[in-house]
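Read the numbers this way: they start at 1 and go in the same order the structure lists the ligands and their atoms. Atom set for the values below is all heavy atoms of this structure, side chains included, hydrogens, waters and symmetry mates excluded. Everything numeric here is computed off the predicted structure, so don't read it as measured data.
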Amino acid sequence: MQERLRETTGSTAELTCGAASAGRSTTTMLTVVSLLLALFAVSSAQQQLQQPNFTHQAVLDPNGKFRLNWSPATNGNDYFTFECVVATRGWIGLGFSTNGAMAAADMVIAWVDASGRPQISDRHGPAQGNGFPPADSKQDYELVSGRKNNTHTVITFRRKQDTCDPQDWKITSDTTRLIWAYNDQVPTSADDIPKHTERGVKSAQLINPQTKDGMATILADPSTKIYDLRLTNVKLPTDKRTLYWCEIIELPNWNKHHVIANRMMVQKGNERYVHHMVMYGCGEEDMSEYLGKPAACFDDMEVFNPMHKCSDYRAVWAVGGEDFVYPSNMGSPIFGNSKQRFVLLEMHYDNPDLKPGISDSSAFRLYLTEKLRPVETGRLTIGQGVSPVAIAIPPKQQRFTTYVYCPGKCTSRMTEPINVFTGLLHTHLLGVAMRVRVIRNGVEIKSDMRDDHYDFNYQTPVYLSKPLVIMPGDDIIVECTYGSMDRETLSYGGFGSDNEMCLALMEYYPKRNITTEACMSFVDPKNLTEILGLKKDQVNIAGDGGFGNNKVTVINQKKQNVTITNWYKNDLKVTSDMATKLQDFMKNSPETVYCGLQGRDSPGGNVTDGTLFPIDGPIKNPRPYVEPAAVCTASSGSGSTTTSQPTRATTNRG
Ligand SMILES: *[C@@H]1O[C@H](CO)[C@@H](O)[C@H](O)[C@H]1NC(C)=O
Ligand SMILES: *[C@@H]1O[C@H](CO)[C@@H](O)[C@H](O)[C@H]1NC(C)=O
Ligand SMILES: *[C@@H]1O[C@H](CO)[C@@H](O)[C@H](O)[C@H]1NC(C)=O
Ligand SMILES: *[C@@H]1O[C@H](CO)[C@@H](O)[C@H](O)[C@H]1NC(C)=O
Ligand SMILES: *[C@@H]1O[C@H](CO)[C@@H](O)[C@H](O)[C@H]1NC(C)=O
Ligand SMILES: *[C@@H]1O[C@H](CO)[C@@H](O)[C@H](O)[C@H]1NC(C)=O
């Protein structure tokens, strides 16, 4: 009764009447009030005990009207609990979708009916297109509680991580597209749900350990210091959509600290232009000549010189990303080394409408402590050369995969195993899936550094549920899968959003005694362009190609000397035969590996650059890792096809 008072307007009306009749005598009134207060106290205490404390939160719509709280399954409890808090008094819908579309998505619809009873219904999108979502034959979403007030409906429900129902989504550590919808009308039954009036899609990581609690502790600790790395008033161009802006920043001469968290501080109003930012360390390079001379990082084929010297990625944020918080025993060292004085900030701006007059001074905020933590972290990058002759993706491909090879010969330069605990998988617009595979003595080990539902617009460092151990001598394969159905011409490696990348940026512990590690592989550029119909003597490659830093020109049919990218755009017609050969080439051709180990504090103190060495074909994977079959024993749902009955009594309604 007291819960209804608080939570449904219907009951409030009921009680107001009661109070009014009691109000004839002041004493009675006071008694009623104190009784009510007592009931309130009891109910909020109960509430605290009964309500799960949600570890994850997300706001799904731009106006903050659809909020989702959830707690992932934990050991011994394989249920995910979700709470939808939505600014409606009608029905609310949440779905899990491969690509953001309603077709074949796993959906749940819930509402509080006219008599104040919460209702839930496990449903799924039609096989194709949009339309009324039919009810699942097996109901796997269990109502925990539901209530509404004058403005909001709050529904809490739970489901198993894997319900074993092919009509449901199996929750994984992949990026998940959450589709949401609502309508202010209250359905009369589960068979009579009016079409949504609002809907949308938002990507989220459903399993990652949540870092917000850690952030609260860091913010509350008076010994936490902050240091902002701020760009100075960058003017966005109006003649091109993409701008990569690079600025060298000199670090203050402070004692050694640990970075324990970082937060992106996007300049207010610029949210839609700021796409991603990376902070790189410059090792012991003296970058003072670049101070005060920020510039575009990449100008067609030219690369801002510091890019080559500052390649130790320290922090990364991209659209949709949140605060990054280190585990409480770990920190990433900064300051305290008078030789490591410089960092490079690289910001990717995206101004699709070429809006004029935008200037930006966004910043990375580092949260620091001088109370050094026991474990220090380091970073490792494995990827494909960033060059138009290192990555080539034919148009109209459902799935096209490129392969990065980092052989044991390179990883054996590590002196001890490393534990990768977080990282960022990075491709551009065409990326649909990516994974890091580790092969040890011919057997692939399980790796959670993967995402089969990659979303360019949701790039955030992922915490692995268990560290990925890389031993000296392990072979590593990074696979990037692209979908190019909506492209008409060849897509190629490059730094713009329309070009492609394939990089796995990983952070590990304990830190090794070197400043930069990278393992980048390259296919043979002339063998690649030969597949596209160019004779070897038509192609000229200048530059070292180390990080794809080469200038490639082509003598075309009209005997003109053009850049390879212009040749791709204007002269090349990709045939299906070329596409097939290209896929085989990207997988099976010999590659050159840049095995980078920079820094004068490397073993011997003399290795200042990486080495390039050839591998004569793909890394073999004699025993690929096979995911154990899902164990689906107990049925979690009611098994009933009736959708309007709550499957579990709601404790919240008393
Ligand atoms: C939820 O958090 C509160 C405050 O931190 C705590 O008192 C309560 O016991 C927690 N409840 C559960 C179910 O963990
Ligand atoms: C209605 O419920 C929402 C969600 O719990 C809450 O934020 C809001 O404050 C409530 N409104 C009132 C008037 O209690
Ligand atoms: C084409 O032009 C580039 C510079 O733009 C030059 O380096 C290259 O040698 C030229 N190729 C030929 C065959 O002239
Ligand atoms: C390039 O192709 C030629 C054959 O055309 C082959 O002999 C050579 O090994 C290839 N080189 C690389 C590095 O792929
Ligand atoms: C790391 O290198 C520095 C400088 O070469 C040296 O003083 C230090 O002892 C090394 N630390 C470890 C753990 O090897
Ligand atoms: C660096 O020094 C070590 C030990 O003195 C030596 O074995 C190695 O060959 C040197 N490497 C280079 C690239 O000079």
Just jot down the ligand 2 atoms closer than 4.0 angstrom to any heavy atom of [X], in number order.
X    : value
T151 : 1 (C)
V154 : 4 (C), 5 (O)
V85  : 4 (C)

Next on the checklist: Can you tell me if S589 contacts ligand 4 (heavy atom of the residue under 4.0 Å from the ligand)?
Outcome noted: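 No heavy atom of S589 comes that close to ligand 4.
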Rounded to the nearest 0.5 Å, what's the gap from [atom1] on [X] to [atom2] on [Y]? Could you check?
X    : Y    : atom1 : atom2 : answer
Q384 : T427 : CD    : OG1   : 12.0 Å
K620 : I477 : NZ    : CD1   : 10.5 Å
E591 : M586 : CD    : CE    : 7.0 Å
W169 : R177 : CH2   : CZ    : 8.0 Å

Taking a 3.5 Å cut-off between nitrogen or oxygen atoms, can you list every pair linking ligand 3 to the protein, with distances?
residue  : atom   : partner : partner atom : Å
ligand 3 : 2 (O)  : N561    : ND2          : 2.4
ligand 3 : 11 (N) : N561    : ND2          : 3.0

Using ring centroids (six-membered ring only for Trp), state whether [Y] and [X] fall under 6.0 Å.
X    : Y    : result
W180 : F66  : yes
Y492 : Y568 : yes
F96  : F82  : yes

Checklist entry - Within the structure, does D524 bring an N/O atom to less than 3.5 angstrom of an N/O atom in ligand 4? => result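 Such a contact does not occur with ligand 4.
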Item to check | Close N or O approach (N149, ligand 2; < 3.5 Å) | outcome: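 Checking ligand 2 against N149, an N or O pair does fall under 3.5 Å apart.
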Checklist entry - Would you say C297 and C246 have SG atoms less than 2.5 angstrom apart? => result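 Answer is yes: C246 pairs with C297 in a disulfide.
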Next on the checklist: Tell me whether C410 and C519 have SG atoms closer together than 2.5 Å.
Outcome noted: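 No, no disulfide: SG-SG not under 2.5 Å.
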Next on the checklist: Checking contacts here: is it the side chain or the backbone of N150 that comes within 4.0 Å of ligand 2, counting heavy atoms only? Could be both or neither.
Outcome noted: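 For N150, there is no contact with ligand 2 at all, from either part.
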Item to check | Distance-minimising heavy-atom pair for D498 and R487 | outcome: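 Distance-wise, the nearest heavy atoms are O-NH1, 3.2 Å.
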Checklist entry - Which of the atoms in ligand 4, numbered in the order shown and given with their element, are less than 4.0 Å from a heavy-atom of P590? => result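 Close to P590: 12 (C), 14 (O).
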